[in-house]
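Each remark here refers to the structure printed beneath this line.
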Amino acid sequence: MTPFSVQESSPGDDSCTRLGWGRGLGWGPGAVLGAVVVGIASGHRGPASPGWLLLTVAGSAGLTALLVGDIRARRVIALIGVAAVAGALTLRARDGLEHSPFTLPVLDRELVVLRGTLVGDPDTFGPGARTARVELRAAAFTVVDRTGEPVAGTAGRWRSGGDRHVIVRASGREARRVATLSAAGEVVVLGRLGPLQDFDSWMWRRHVVGALDVVQVVDVSPARSPLWRMANTVRGLVLAGGASLPEPERGLLAGFLIGDTRSIPPAVTAEFRAAGLSHLLAVSGANLAFVLGGLRPLLRRGSWTTRWMLSVAVVVLFGTVTRWEPSVLRASAMAIVAVSASALGRPTAGLRILAIAVTALLLADPFLLHSVGFLLSSGASLGILLLAEPIRRRLPGPLWLTEVASVTLAAQLGVAPILLPVFGTVSLVSVPANVLAVPAAGAITVLGLLSGVLGGLVRPWWPQAGEVMQWPVLGLLRWVEAVASLAARHPVAIGPRAAWALVAAIGALTAALCWRRGRLGPSGTPSRGASRVPGGGLGPVPTRGPAGGRGATEPSG
């Protein structure tokens with residue numbers, strides 16, 4: 001196998017089992033993911049607690065599974081243990097919300113001085129950034145009186161904030177000062193605590209324990225972490241490279257490249273959402289694939305360990321630049337699983353990668369199960385992995401058209417079970433809109449990254465160069481805008497009954513085809529050299545190869 005070669009699955013492979021949903025890959029990852037979901041759902045019932053009881057059940061189940069001889073019984077008992085662990089982690093996360101250092105100060109609406117680190121970039125609202133809002137990880141706080149002096153009995157002592165998350169809201173001059181910060185910046189603020197209300201009430205899903213209305217910004221400082229300083233520098237270069245573009249194209253480019261949608265006008269955002277194109281403004285696997293693909297020359301060199309470490313480092317930097325949004329978490333986790341499997345000489349199928357990545361993320365943060373963005377990203381990936389190839393084979397037309405259309409249809413079917421309960425309808429106009437917009441979006445990502453970084457580097461000495469380099473990107477952005485605007489003016493959507501009937505019919509047809517292929521076709525063992533990941537793949541990743549040789553797989557999808 002040559003370095004960084006691509007070994008596709010053989011034409012006779014059964015796509016249903018080859019992707020990891022059949023007997024070729026066993027019961028493991030999908031069943032474990034199901035147990036984790038059941039455990040998290042059960043963990044939201046009843047009072048919050050540290051979860052020791054469920055952990056005891058999990059330990060007992062693990063010991064029992066080791067002693068039981070029957071393999072099927074062992075698997076069932078092991079799944080019960082996994083569900084118990086997930087339930088215990090959920091109870092612990094809930095307990096952290098209800099019993100924290102801020103519980104009483106929030107209820108009493110205390111005036112505090114709080115020291116912490118920004119979790120993300122500040123959102124600003126109104127002309128001149130009149131108001132700002134940002135999530136803060138609280139390191140310490142102290143209760144003060146109206147004069148700013150420590151309350152009697154506290155002796156000015158700082159109390160640990162337990163790294164709990166607090167929403168900070170500022171206005172006027174203080175808002176403009178907060179708006180100058182980037183993620184991981186540090187701040188000391190004086191303000192009044194209170195419970196989450198109205199628009200902020202959903203933030204408990206992000207482990208936020210309360211809100212703080214700022215009275216005064218006492219001190220601000222940039223990020224100390226080298227990783228975050230590097231990420232903020234890269235992010236600043238990309239944004240500076242697009243500074244010559246007019247609005248709203250400047251804001252759209254930031255959304256396409258790094259998922260920063262703060263500068264996009266609400267009307268444009270609404271058009272993209274109505275057209276089913278809002279996913280283009282959320283960074284995911286396609287962006288990560290372009291970045292890793294650009295590192296192909298570097299990944300050809302060195303040992304497999306060096307290449308694995310470089311791939312993981314790029315994934316971590318990419319996630320930090322894009323602020324670890326739910327879709328980025330899913331794509332990054334899948335990337336790390338894929339490159340690790342390939343590095344160990346055990347490249348695996350896309351559905352197995354998806355199941356392992358989502359399971360790991362849910363165990364790390366059970367509240368992700370309530371994140372609509374995470375569910376949509378995972379559902380779209382599942383739909384693409386299961387249905388894109390079967391749909392493509394049955395669509396007439398040229399390859400470039402059937403590939404885009406099949407991925408769009410598969411993703412839409414994958415997100416339908418989430419869209420229906422949340423929004424009540426499923427858009428049909430998104431299919432032709434994506435067929436027209438997605439190819440341009442891919443070109444925008446590649447050209448935007450190159451011209452953005454280069455333009456940002458030379459802008460201080462040659463401002464016109466960045467503008468010239470962005471001309472092709474500007475034309476592509478306006479094309480996507482036109483598609484979104486046209487599709488939004490002619491919305492075509494179906495309600496819950498019709499959508500559920502369509503999803504059920506396609507699901508039944510897919511199951512029948514998979515069953516028929518399992519009966520009549522080959523075994524469907526996954527290809528040993530290709531790990532398929534939705535959303536653009538991963539680019540070249542290191543692998544030791546089945547026989548210990550040095551090669552690489554190049555996932556696509």
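On a predicted model such as this, the values are computed, not experimentally measured, just so you know.
Residue L257 holds its CG atom at 10.0 Å from CG of L447, rounded to the nearest 0.5 Å. Between atom CD1 of residue I356 and atom CD1 of residue I336 there is a gap of 13.0 Å, rounded to the nearest 0.5 Å. From T261, atom OG1 reaches atom CD of E325 across 8.0 Å, with rounding to the nearest 0.5 Å. To the nearest 0.5 Å, atoms CG (L382) and CG (L375) are separated by 12.0 Å. Annotation: the span from L385 atom CG to L354 atom CG amounts to 6.0 Å, rounded to 0.5 Å. Separation of atoms CD1 (I167) and CG (D123) is listed at 9.0 Å; rounding is to 0.5 Å.
Contact between A338 and I353 at its shortest, heavy atoms only, is CB-CD1, 3.8 Å. Scanning all heavy atoms of the two residues, the minimum distance from L89 to L363 falls at CD1-O, 3.3 Å. For S263 against G251, the heavy-atom pair with the smallest separation is CB-CA, 4.0 Å. Taking each heavy atom of V315 and A335 in turn, the nearest pair found is CG2-CB, 4.0 Å. Nearest approach of T320 to A231, heavy atoms of both residues: CG2-CB, 3.5 Å. Between P101 and G162 the shortest heavy-atom distance is CG-N, 4.3 Å.
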Please determine whether side-chain contact (heavy atoms from CB on, under 4.5 Å) holds for the pair N434 and H279, giving the CA-CA distance in whole Å, both sets of side-chain angles, and the decisive distance to 0.1 Å. CA-CA 10 Å; N434 276 273; H279 65 93; 2.6 Å; yes
From CA spacing to verdict: side-chain contact (heavy atoms from CB on, under 4.5 Å), L317, L227: CA-CA 7 Å; L317 179 60; L227 172 62; 4.2 Å; yes
The test is side-chain contact (heavy atoms from CB on, under 4.5 Å); show your working for L409 and L387 and say whether it passes. CA-CA 8 Å; L409 281 169; L387 302 174; over 6 Å; no
From CA spacing to verdict: side-chain contact (heavy atoms from CB on, under 4.5 Å), S160, F141: CA-CA 7 Å; S160 173; F141 72 99; over 6 Å; no
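Between W308 and S340, the side chains place a donor N or O and an acceptor N or O closer than 3.5 Å (distance only, hydrogens not considered). Side chain to side chain, S381 and R330 meet the donor-acceptor criterion of an N or O pair below 3.5 Å. No donor-acceptor contact under 3.5 angstrom links the side chains of T402 and R392, judged on distance only.
Separation of the W202 and H370 ring centroids does not fall under the 6.0 Å cut-off.
A heavy-atom distance below 4.5 Å is found between the side chains of D121 and R262. H44 is listed as a side-chain neighbour of R94, based on a closest heavy-atom distance under 4.5 Å. The side-chain heavy atoms of P222 and W228, taken from C-beta on, include no pair separated by under 4.5 Å. For the pair F256 and V283, the minimum side-chain heavy-atom distance is 4.5 Å or more. With contacts defined as side-chain heavy-atom distances shorter than 4.5 Å, the pair L419/Q412 qualifies. Under the 4.5 Å side-chain criterion, counting only non-hydrogen atoms from C-beta, R235 is not in contact with V238. Looking at heavy atoms from C-beta onward, L369 lies out of side-chain contact with F374 at the 4.5 angstrom threshold. Looking at F367 and R206, their side chains never come closer than 4.5 Å, going by heavy atoms from C-beta outward.
Residue-environment remark: CZ (R92) stays at or below the threshold of 12 foreign heavy atoms within 6.0 Å.
The existence of a salt bridge linking R115 and E186 is excluded, since no basic side-chain nitrogen approaches an acidic carboxylate oxygen closer than 4.0 Å.
Just one residue in the list I258, T445, V473 forms a side chain to side chain contact (heavy atoms under 4.5 Å, CB included) with L253, and that residue is V473.
For the pair S332 (side chain) and L329 (backbone), a donor-acceptor distance under 3.5 Å is absent.
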